[in-house]
Amino acid sequence: QVQLVESGGGLVQPGDSLRLSCAASGFTLDDYAIGWFRQAPGKEREGVSCISKRDGSTNYAASVKGRFTISRDNAKNTVYLQMNSLKPEDTAVYYCVAHDTCRSWSIPRVGWGQGTQVTVSS
């Protein structure tokens with residue numbers, strides 16, 4: 001089956017760190033740009049970060065820039081999101097999605113599965 005599976009979420013305190021994983025199966029991850037999105041209850045889904053398939057360039061939402069880092073391990077067919085200095089407002093379900101390019105983030109090719117829950121609370 002062609003799918004992306006998110007993992008690594010959990011319950012942490014403000015200031016803690018988590019590393020989310022996005023594992024691809026049934027296709028080669030490095031053929032696509034990979035974006036991370038999140039959605040909190042009652043809020044719209046928002047883009048968090050994206051990594052390009054061509055040159056490995058990255059981009060981040062202003063709310064996470066300087067705290068989160070996206071990376072790709074092609075050997076493991078996995079993309080990661082390192083999340084540092086977590087804040088309560090980072091609480092959401094996080095999803096990874098494959099796109100043709102980061103520019104075409106609104107056209108998903110693979111993704112929108114279960115996601116992984118991140119909860120930041122004291």
Side-chain angles (χ1 to χ4, degrees):
Q1 293 182 342
V2 175
Q3 62 180 10
L4 291 170
V5 178
E6 303 93 340
S7 63
L11 173 62
V12 298
Q13 295 183 342
D16 284 353
S17 297
L18 285 172
R19 188 177 74 163
L20 306 185
S21 297
C22 174
S25 62
F27 71 103
T28 301
L29 184 147
D30 63 9
D31 287 338
Y32 297 89
I34 304 297
W36 282 98
F37 297 79
R38 67 186 182 186
Q39 187 166 24
K43 297 183 179 180
E44 294 184 356
R45 183 173 293 173
E46 63 174 334
V48 176
S49 183
C50 187
I51 185 166
S52 171
K53 69 178 182 180
R54 291 192 175 277
D55 59 8
S57 62
T58 60
N59 57 53
Y60 300 89
S63 60
V64 307
K65 191 171 185 178
R67 299 188 297 119
F68 292 8
T69 303
I70 189 170
S71 62
R72 182 193 299 265
D73 187 338
N74 291 331
K76 296 183 178 180
N77 216 23
T78 300
V79 166
Y80 302 98
L81 184 67
Q82 180 66 46
M83 309 164 67
N84 298 329
S85 301
L86 284 163
K87 304 175 180 180
E89 51 263 44
D90 295 319
T91 296
V93 177
Y94 285 71
Y95 304 87
C96 61
V97 180
H99 312 90
D100 291 338
T101 66
C102 287
R103 184 179 179 183
S104 61
W105 60 269
S106 63
I107 307 174
R109 300 303 184 190
V110 187
W112 305 120
Q114 292 285 88
T116 185
Q117 175 72 50
V118 172
T119 302
V120 185
S121 176
S122 60

task: With the side chain counted from C-beta on, respond yes when R67 and Y60 share a heavy-atom pair under 4.5 Å apart, and no when they do not.
output: no
field: Smallest separation among heavy atoms of P108 and V97, with atom names
entry: CB-CG1, 3.4 Å
message: Quick one, L86 and F68 - any side-chain contact, counting heavy atoms below 4.5 Å?
response: yes
query: Shortest non-hydrogen contact from A61 to G47?
result: CB-O, 3.5 Å
- prompt: With a 4.5 Å heavy-atom cut-off, do S17 and Q82 have their side chains touching?
  reply: yes
statement: Note: S52 and A33 closest approach over all heavy atoms is CA-CB, 4.2 Å
task: Please answer: with hydrophobic residues joined when any side-chain heavy atoms are less than 4.5 Å apart, are V12 and W36 in the same cluster?
output: yes
Neighbour count above 12 (heavy atom, 6.0 Å) for R103 CZ: no
message: Just verifying a value: how many Å separate I34 CD1 and C102 SG, rounded to the nearest 0.5 Å?
response: 9.0 Å
message: Distance check, rounded to the nearest 0.5 Å: H99 atom NE2 versus I107 atom CD1?
response: 9.0 Å
task: Please round to the nearest 0.5 Å and tell me the distance separating atom CG of L29 and atom SG of C96.
output: 8.0 Å
field: Qualifying residues under ring pair (Phe, Tyr, Trp, His ring centres under 6.0 Å), relative to Y80, sequence neighbours excluded
entry: none
message: For a side chain to side chain contact (heavy atoms under 4.5 Å, CB included) check, start with the C-alpha distance between K65 and N59, then their side-chain angles and the critical distance, and finish with the verdict.
response: CA-CA 8 Å; K65 191 171 185 178; N59 57 53; over 6 Å; no
query: Any donor-acceptor pair under 3.5 Å linking the side chain of N77 with the backbone of A24?
result: yes
- prompt: Shared ILVMFWY cluster between I51 and V48, side chains joined below 4.5 angstrom?
  reply: yes
query: So do the side chains of Q39 and V93 get within less than 4.5 Å of each other, counting heavy atoms only?
result: no
message: Run L20 and M83 through side chain to side chain contact (heavy atoms under 4.5 Å, CB included) and show every step you take.
response: CA-CA 8 Å; L20 306 185; M83 309 164 67; 3.4 Å; yes
query: Taking C-beta and beyond as the side chain, do R109 and D100 meet within less than 4.5 Å on heavy atoms?
result: yes
query: Step by step, would you call V120 with D16 a side chain to side chain contact (heavy atoms under 4.5 Å, CB included)?
result: CA-CA 8 Å; V120 185; D16 284 353; over 6 Å; no
statement: CG of D30 to CG of N74, rounded to nearest 0.5 Å, is 4.0 Å
query: When hydrophobic residues are tied together by side-chain contacts of less than 4.5 Å, even through go-betweens, does Y95 share a cluster with L4?
result: no
- line: What one should report as the nearest heavy-atom pair of I70 and S49 is CG2-OG, 3.2 Å
message: So, taking the atom named SG in C22 and the one named CZ in R72, what distance separates them when rounded to the nearest 0.5 Å?
response: 9.5 Å
- line: One should read off an interatomic distance between F37 CZ and W112 CH2, to the nearest 0.5 angstrom, of 4.5 Å
message: What I'd like to find out is whether the side chain of L11 reaches to under 4.5 Å of the side chain of Q117, using heavy atoms alone.
response: no
query: Side chains of V64 and R38: does their closest heavy-atom pair fall under 4.5 Å?
result: yes
task: Could you pull out all residues at least two apart from Y32 that satisfy ring pair (Phe, Tyr, Trp, His ring centres under 6.0 Å)?
output: F27
